[in-house]
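Hydrogens, waters and symmetry mates play no part in the numbers below; they use all other heavy atoms, side chains included. Throughout, a chain's letter reflects where its sequence line sits, starting with A, and its residues are numbered from 1.
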There are 2 protein chains.
Amino acid sequence: MDATVARASRPVDLRDVTIGPGFWADRQAVNRDVTIPTVLDWCERTGRLAAFDLSWRPGDAKEPHVFWDSDVAKALEAACYSLTAHPDAALTRRVNALAERIASAQQPDGYLNTHFTVVEPNKRFTNLRDQHELYCAGHLIEAGLAHHAATGSDTLLAAVRRYADYLHDLFVTQGRPGYPGHEEIELALVKLYRATGERRYLELALHFLDARGQGESFFQAEARRRGEDPARHWGDDAYYQAHLPVRQQAGAVGHAVRAMYLYCAMADAAAETGDAALAEACRRLWRDVTQHKMYVTGGIGSTAKGEAFTTDYDLPNATAYAETCAAIGLFLFAQRMLELEPLAEYADVAERALYNGVLAGVSLDGRKFFYVNPLASDGGHRRQEWFGCSCCPPNIARLIASLGGYLYGLGNGVLTVHHYVAGEARVTVAGQAVRLVQQTQYPWKGRVGLTLRLGGQARFALQLRVPGWCRHWTLAVNGQPVRARPVDGYVRLERLWSDRDRVELDLTMPVERMLAHPQVSADLGQVALQRGPLVYCLEQADHRADVRTLALLTAARYEPRWDRRLGGGVVVLTGPGRAYSPAGWKGQLYRPYTQPSLRPARVRAAPYFAWDNRQGGPMRVWRPCL
Amino acid sequence: MDATVARASRPVDLRDVTIGPGFWADRQAVNRDVTIPTVLDWCERTGRLAAFDLSWRPGDAKEPHVFWDSDVAKALEAACYSLTAHPDAALTRRVNALAERIASAQQPDGYLNTHFTVVEPNKRFTNLRDQHELYCAGHLIEAGLAHHAATGSDTLLAAVRRYADYLHDLFVTQGRPGYPGHEEIELALVKLYRATGERRYLELALHFLDARGQGESFFQAEARRRGEDPARHWGDDAYYQAHLPVRQQAGAVGHAVRAMYLYCAMADAAAETGDAALAEACRRLWRDVTQHKMYVTGGIGSTAKGEAFTTDYDLPNATAYAETCAAIGLFLFAQRMLELEPLAEYADVAERALYNGVLAGVSLDGRKFFYVNPLASDGGHRRQEWFGCSCCPPNIARLIASLGGYLYGLGNGVLTVHHYVAGEARVTVAGQAVRLVQQTQYPWKGRVGLTLRLGGQARFALQLRVPGWCRHWTLAVNGQPVRARPVDGYVRLERLWSDRDRVELDLTMPVERMLAHPQVSADLGQVALQRGPLVYCLEQADHRADVRTLALLTAARYEPRWDRRLGGGVVVLTGPGRAYSPAGWKGQLYRPYTQPSLRPARVRAAPYFAWDNRQGGPMRVWRPCL
């Protein structure tokens, strides 16, 4: 094992990527036109924005949360990312006003948190375990960076830098013990360090990471200082990933979103410091999550009890928690691992989470949200307009708005395409300004055309990911077939590139019946349909027979078909199935075995992300396969 | 439909039935020697008994419950039932002392409840919805009756009669509005009426039943009187079965134990009053429970959320709540329906609940208890010695101790055998004293021998149940085969009986692969093994392969085999199965379909009631069937 690791590539910045036209351009338009304004309006309406005026009192709101600041920060961040690609004067005014409003809540010493300024002013940093104080700080830092990047304004960035300086002074210089119960600030501080070059932000991030889980339990000591019996608290240290020093952690435990944000920061820190032990811990945790604890949708955190990970292969479908934010967290972790080492496996999981577990989090019209993402429903689970604890809506808005920043990687003279999204990337590689124009109808079709635009000629490598779901593919450069063997899931084309060189990648995208590992008890004897990166489900709206009684067939073919009635159009899969018939069961609930009565039934599967956009009704991802 | 109904038969009293030797004699011995003293000790140790001294203060106990009185009452009831069959001077002294101790807590006006005497003396009957005050009263009444029946002592019975008189005065004479949030007193009052002949107890029971769900919500009005906003309460009226007048209720809703106790009282009231509308409501609710909302184990109340019923066919296995008390409640409801009309279907469900969902509630050694009874476990679900809310342990103890009272029915010159349990019943039928001696190794074997002992000859009908699980059976009287067609599941032998007449019933008891209704989504494509009344499960302790990967075979034979190592011996079922192999899955969680790799595996199924009596590990009732 290496003693040190290096960051293999950096993502091409959001500002250097354009998305469109196509699947994601459509989603970004809905996000821009509907979701972001809706989320900002909800923040306004619920008192979340007014909280920053500090004249607000807890009684003004029905259910104020200690982490309201983070909702506002993520909403602002989403709006700023959106502005980067789509200038909009009215939205710019709105974000600038909001940035001012947030910054105005900063205290003379640099502290910036509405709850602990207004509601419990004497309790700053007395309950890092539960009160989300450093979590909110992290989201404010990310918002400050996004606002600066989008508008050039220093208003909020300067404020969050002062706040970060205050925190550095408190936790590093003065040596106050502790680290966050809900991780997030660590990854934000690395971002802040990368954007500003100021090393003490990295230092504070590393401090929080290194202190975590060391020696006697900090959270228990902190609880005793508050006069509480820590043994009576519902969550143990593992719930906060504070049961072991981070380099010794081997299994994903506790609250799934917290875990993901921690692992993101661990990967970031390893990339910055070359800490091989930290990178190895990231790999172990990655394997544990993706080989034992992940739904086929990329959802993670299978139980509502603590929104948490459970045991290996425990992936119940109807009671799946699979919080939208956790799938987002897995996407973010995967992308960071990809920066650390270019294994397509990371991008495969990022893609699985993005197109399924994440994207299901918002309705096709951008107005409603899932917090919880089960893989089976009897019809009672519906998207909502908002939540008391509303972390997911602004989180999905910011991810969709910032997607451009996750598509391409650049490092060591290699330009890598991780994800197939129509649009273009503008980079400088081998000293040459290059525009890489991507044309594709992905995820509906597997054909990807890449055109290079450059002033002169340049020798560099273009790396293309061959998705893990793809078994047959062809590659051509300027019409000439190229035979290449992927290394770690990427094919590498290293040559002297000229303007208008064209690369064609054709990924065969058959309909697959997916199996789960036989120890995934909930899916035994069942299959889930998948085509390309999209996992499919059976919704009642498409069937006369109760979808809960439908089975797929091992021998049948399921054909993709364009259906323009759902959203802006989706590929549905159709083919023959069987319905277990309730005929002859009248008045009986159990009876001795007889060959089940099966009726032929036409099956029509829709993408999982698009479910619950029609009338409510039962839904199933996994189905028996006869 | 009849305008009135009549009670078709009465159970032969516990005091007139002897159990043994055999399956239930063994369980009763463990119940007597271990469970009952253990439960009484726990009541002592936790402060539940001391609470009746009224010197107790809430701070003396860690988690006092408002319904502690009911735990003590049920424990006393269990001990008294046990004494009926097995005199025991030490236990008699203990129950007499306890009866005195309870009675000593009675207030001068007749009121008897420790919580509202000591902790909240000014809040009597101000929160019928949540505080279990009338529920406790009901259990005290049942305890008073059991104590009197077992010992002849009037100490506790007189006290509870005074309490019932007080309640009648308050709710009927003075007209105070209200009825219990947790039903129980209604069935206790009918019992008290039947034992004493005092009509006002029946009147009070009918009053509570008739007031329920009438007009505007009583519980909401009561909450407003306490200054609370009823809309903010977590449970709606349906949770308490108070959403509709009882005669209009058609679906089983809300808390399953409450529902069962209510339905018991409705059946009792219909039997006493001949109220056909009430009987019809009971039948509707019965059908809803047993045709849509019952596990194959007889467990009911599928969700932990409110310990409640959900929607039709929603019977998840791993998250099944299926509280032990709810299965007991279903048994009690079934037995009451059987008194109303002799349909073997009622006895079939009673038996299913008794041998599976109820009996699993206590360990084979009688020391540990399940509150929750899932049909699948990954190994984390284990019996406990006691619970903060410990309704189930004394409830199962009293049911096992009183089982003799549920076996036989007598009415209109017909002696009916509902359940096959070795022992004897002593009755007077057609003016003749008759001893019916039952010899059987049921539930392990289906052969039942019945010998009649009587002084002279007598003409009467003997009715024998042909269990619903039985497809082939033979019947003989004094060695002569008898051909008879069961009516409503009972065969009737009407003749002039002489001393030593012998009836032989041989119930063929094959191993069945049970199917669930195809809309029971959790069980689709799966089977559960059953033999006679016993549902079986696969435990890890009996298998090398992970039981979660095991499948049964449609074509294979599963053979019963006596295994004396488990408990005092049980019949296990063995036969060939297949294990889905994880070979070739290393590092993968999902992959495209290939024919699953199946290894031959020997399956060994143990009775569900006996699970978790060895080392912990995964358990499954339903398995795929290939």
- Which atoms of B:Leu315 come close to chain A, meaning under 4.5 Å heavy atom to heavy atom: side chain ones, backbone ones, both, or neither? side chain
- Okay, A:Lys293 and chain B: the region with an atom under 4.5 Å from a heavy atom over there is backbone
- Message: Does any backbone or side-chain atom of A:Gln519 lie under 4.5 Å from a heavy atom of chain B? Answer side chain, backbone, both or neither.
- Response: both
- Sort out for me which of A:Tyr580, A:Trp469, A:Trp585 touches chain B most, counting heavy-atom pairs under 4.5 Å. A:Trp585
- Using a 4.5 Å cut-off on heavy atoms from C-beta on, say whether the side chain of A:Pro624 contacts that of B:Leu524. yes
- Note on the structure: Under 4.5 Å to a heavy atom of chain B? For A:Thr554 that would be side chain
- Message: To the closest 0.5 Å, what do you measure between CD (B:Gln530) and CZ (A:Arg591)?
- Response: 14.5 Å
- Query: Checking heavy atoms, do the side chain of B:Thr549, its backbone, both or neither come under 4.5 Å from chain A?
  - Reply: both
- Are side-chain heavy atoms of B:Pro592 and A:Arg513 found at a separation under 4.5 Å? no
- Message: With a 4.5 angstrom heavy-atom cut-off, is it the side chain or the backbone of B:Arg287 that approaches chain A, or both, or neither?
- Response: neither
- Item | chain B contact via A:Thr290 - side chain, backbone, both or neither, heavy atoms under 4.5 Å | backbone
- Query: Non-hydrogen atoms of chain B under 4.5 Å away: do they reach the side chain of A:Val296, the backbone, both or neither?
  - Reply: both
- Message: So for A:Glu512, is it side chain, backbone, both, or neither that comes closer than 4.5 Å to the heavy atoms of chain B?
- Response: side chain
